[in-house]
Amino acid sequence: MLQLPDILLQHLQGVHGFDKEALIAAHGLPAVTSVRLNPHKHSMAFADNAAVPWCASGRYLQARPVFTVDPLYHAGAYYVQEASSMFLHHVLSSHVLNNTSLRVLDLCAAPGGKSTLIASFLGADDLLVSNEVIRTRASVLEENMTRWGCMNTWVTSNDPKDLGRLSGYFDVIVVDAPCSGSGLFRKDARALDEWSEANVLLCSQRQQRILADVWPALKEDGILIYATCSYSPQEDEEILDWLADNFEVKGLSVTTRSEWGVVETQSAKGMYGYRFSPDKVQGEGFFIAAIQKKEETDELKPIRYKTLQDKKAQEQTKHLSDTDYTCLQLDKDNYAAIHPAHEADYHTLKQYVYLRKTGTQLGTPTPKEWLPSHDAAMSIHIAATLPKLELNKEQALKFLKKEDFALPDGTHKGWILLTYNGLSLGWIKALGNRFNNYLPKHWRIRMEISDMDWA
Ligand code: SAM
């Protein structure tokens with residue numbers, strides 16, 4: 001049985017909805033497992049599982065499978081995400097009107113749970129900037145966003161202060177802040193070992209710093225969504241009060257159903273927050289709040305730029321995509337497909353931040369042909385007419401392990417997209433019954449696969 005820290009329990013006394021005995025008892029039960037389906041990559045995955053009540057594409061799982069041996073996981077058919085945090089979908093649906101082109105910043109984005117959710121909420125001409133300051137974590141974020149396949153999700157790796165210089169640029173900013181992690185004790189016992197009162201204080205100071213740094217980037221009337229996976233009021237309601245003390249804000253409420261078990265709290269300054277506690281919800285500990293900025297904010301002036309559109313590369317790559325895009329040459333051998341409405345964003349953003357991933361990488365021209373990228377293979381816009389080869393599970397896992405298997409007789413020579421349940425896993429170049437595997441090395445499954453999992 002997990003032993004919750006006494007000091008944490010003391011801090012929770014008086015917090016609306018806190019039930020000490022029930023919370024302790026819930027920590028004797030296993031964590032809930034859930035996934036969120038990719039609405040643009042339909043598959044049979046978890047089709048019959050119960051839905052998460054506040055997020056239509058969320059699904060509860062009875063047990064935690066080994067996701068690594070499921071090719072659909074690698075195809076981006078779903079993202080493994082804790083159910084409480086999917087409430088972000090409900091907050092977005094309640095407060096973000098998606099009838100104009102939106103710019104959304106997910107400031108603390110790795111590994112990508114909230115960003116994949118936001119990407120599924122947005123329309124094609126909206127732009128999501130998904131940022132992660134820690135470089136190693138940013139590469140995991142980039143991989144997960146590539147798998148999710150949306151051209152309008154770009155990845156940056158910057159300090160919040162750098163993004164703060166984009167004055168009045170974003171309609172929505174999501175800050176899923178680094179926190180003391182008490183809400184994840186059931187999922188990750190290390191969070192319990194690392195928990196201390198001093199760390200709660202440190203985290204709350206860091207949360208304030210992050211929010212102050214990024215605040216100028218939010219438009220007037222824009223929405224800030226603040227979340228943590230901590231139970232501590234110092235990192236939750238007290239942060240909302242700190243915002244109310246330091247900026248002009250309006251707290252926003254969302255409608256919930258009593259059977260969901262979500263607890264609405266109000267901070268001392270009357271700001272609304274939503275608490276998730278495993279004794280009440282089918283999910284882990286989580287806190288989320290939405291706040292509207294009520295301050296006059298200068299917006300960056302539109303900049304003049306020389307287009308980077310490369311018409312030749314556009315012509316050479318048009319067979320890859322089923323949707324309109326603008327092909328930009330960002331660098332030597334670096335060609336990106338972006339939504340035609342987003343070129344000005346590219347030129348603006350690159351003056352302020354390090355863009356790790358802009359749109360969908362298209363690949364590289366060689367003297368003989370276009371070398372398509374893995375990013376293009378994973379795109380939700382990949383052309384339906386490209387040569388494809390459907391694999392069984394064993395072949396799919398062999399491809400993902402970069403192991404050989406025989407191609408069926410008569411397989412077309414050249415570039416082929418390998419698919420599993422109709423979803424793309426990556427490219428091969430077929431040379432008769434042999435092939436070259438173009439799955440990037442660092443995407444390879446390294447795990448030993450047991451006899452049972454191959455079939
Ligand atoms: N939003 C992510 C998701 O849903 O998958 C989880 C984000 S996690 C709670 C917080 C993130 O903030 C981590 O990836 C961490 O590296 C990042 N972080 C740590 N210190 C930071 C700082 N000073 N400024 C901004 N982000 C920071």
Side-chain angles (χ1 to χ4, degrees), residues 4-5 8-9 11-20 22-23 26-27 31-32 34 52-55 81-92 94-95 106-109 113-114 117-118 173-188 191-192 195 197 199-208 210-211 223-244 249 251-256 260-291:
L4 297 179
L8 173 64
L9 295 170
H11 286 164
L12 289 173
Q13 290 299 340
V15 168
H16 185 48
F18 173 57
D19 179 340
K20 183 174 165 184
L23 186 68
H27 280 79
V32 174
S34 48
V52 173
W54 42 82
C55 178
Q81 186 178 34
E82 195 285 295
S84 303
S85 28
M86 296 181 201
F87 195 74
L88 172 61
H89 175 82
H90 185 64
V91 175
L92 289 168
S94 306
H95 288 297
D106 184 8
L107 183 67
C108 311
K114 309 290 181 305
L117 185 152
I118 300 163
I173 297 183
V174 176
V175 177
D176 187 19
C179 68
S180 62
S182 43
L184 298 185
F185 284 167
R186 291 204 308 191
K187 254 180 82 179
D188 181 2
L192 182 58
W195 191 91
E197 191 179 13
N199 195 33
V200 170
L201 179 65
L202 205 79
C203 287
S204 82
Q205 289 165 344
R206 184 165 53 195
Q207 287 148 3
Q208 293 170 16
I210 290 173
L211 289 166
I223 310 285
L224 170 76
I225 299 176
Y226 175 75
T228 72
C229 54
S230 163
Y231 297 118
S232 297
Q234 296 91 325
E235 299 177 73
D236 297 339
E237 288 84 356
E238 289 178 25
I239 293 292
L240 304 184
D241 280 343
W242 175 85
L243 279 166
V249 298
L252 302 175
S253 65
V254 298
T255 310
T256 59
W260 293 356
V262 180
V263 174
E264 181 182 277
T265 62
Q266 265 191 295
S267 70
K269 310 255 167 197
M271 311 282 279
Y272 297 97
Y274 296 85
R275 284 188 164 263
F276 292 71
S277 183
D279 53 301
K280 297 188 176 60
V281 299
Q282 216 186 329
E284 303 310 300
F286 184 59
F287 176 85
I288 191 164
I291 285 152

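- Not counting sequence neighbours, the partners of D188 by the side chain to side chain donor-acceptor pair (under 3.5 Å) test are R190.
- Residue K269 qualifies as open at atom NZ: its count of foreign heavy atoms under 6.0 Å is 12 or below.
- Looking at residues two or more places apart in sequence or on another chain, you find a side chain to side chain contact (heavy atoms under 4.5 Å, CB included) between L184 and K187, C229, E284.
- Taking the side chain as every heavy atom from C-beta outward, S204 and I239 approach each other to under 4.5 Å.
- Within the 4.5 Å cutoff, side-chain heavy atoms of I210 are placed close to those of P178.
- Annotation: ring-ring contact (aromatic ring centres under 6.0 Å, His included) contacts of H90 (sequence neighbours excluded): F87, W260.
- In terms of modelled atom types and a separation under 3.5 Å, the side chain of E264 and the main chain of G273 share no donor-acceptor contact.
- Taking 4.5 Å as the limit, some side-chain heavy atom of P5 sits within range of a side-chain heavy atom of F185.
- Side chains of L201 and Q205 form a contact here, defined as non-hydrogen atoms less than 4.5 Å apart.
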**Message:** Checking F276 against W54 for the ring pair (Phe, Tyr, Trp, His ring centres under 6.0 Å) test, could you report, in this order, the C-alpha distance in whole Å, the side-chain angles of both residues, the deciding distance, and whether it holds?
**Reply:** CA-CA 12 Å; F276 292 71; W54 42 82; 5.6 Å; yes
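- Under the salt bridge (charged side-chain N to carboxylate O under 4.0 Å, His left out) criterion, D19 pairs with no residue at all, not counting sequence neighbours.
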**Prompt:** Step by step, would you call K114 with D106 a salt bridge (charged side-chain N to carboxylate O under 4.0 Å, His left out)?
**Reply:** CA-CA 8 Å; K114 309 290 181 305; D106 184 8; over 6 Å; no
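- Shown here are the side chain to side chain donor-acceptor pair (under 3.5 Å) partners of Y231, two or more places apart in sequence or in another chain: there are none.
- For the side chain to side chain contact (heavy atoms under 4.5 Å, CB included) test, residues two or more places apart in sequence or in another chain that qualify with S34 are Y60, A83, M86.
- Pairing each heavy atom of L211 with each of L224, the nearest pair is CD2-CD2, 3.9 Å.
- Residues passing the salt bridge (charged side-chain N to carboxylate O under 4.0 Å, His left out) test with K20, sequence neighbours excluded: none.
- Partners of D279 under the salt bridge (charged side-chain N to carboxylate O under 4.0 Å, His left out) rule, at least two apart in sequence or in another chain, do not exist in this structure.
- Residues meeting the salt bridge (charged side-chain N to carboxylate O under 4.0 Å, His left out) test with D236, sequence neighbours left out: R275.
- Residues S84 and F286 approach most closely at O-CD2, 3.4 Å, considering heavy atoms.
- Between the side chains of E235 and S180, at least one donor N or O lies within less than 3.5 Å of an accepting N or O.
- Side-chain atoms of V91 and I223, non-hydrogen and from C-beta on, never get closer than 4.5 Å to each other.
- For E238, the side chain to side chain donor-acceptor pair (under 3.5 Å) test picks out no residue, with sequence neighbours left out.
- Two residues are said to be in side-chain contact when any heavy atoms from C-beta on lie closer than 4.5 Å; L92 and L117 meet this criterion.
- A search for side chain to side chain donor-acceptor pair (under 3.5 Å) contacts involving T265 returns E237, not counting sequence neighbours.
- A search for side chain to side chain contact (heavy atoms under 4.5 Å, CB included) contacts involving Q266 returns Y272, not counting sequence neighbours.
- For the residue pair S230 and G181, the shortest heavy atom distance occurs at CB-N, 4.3 Å.
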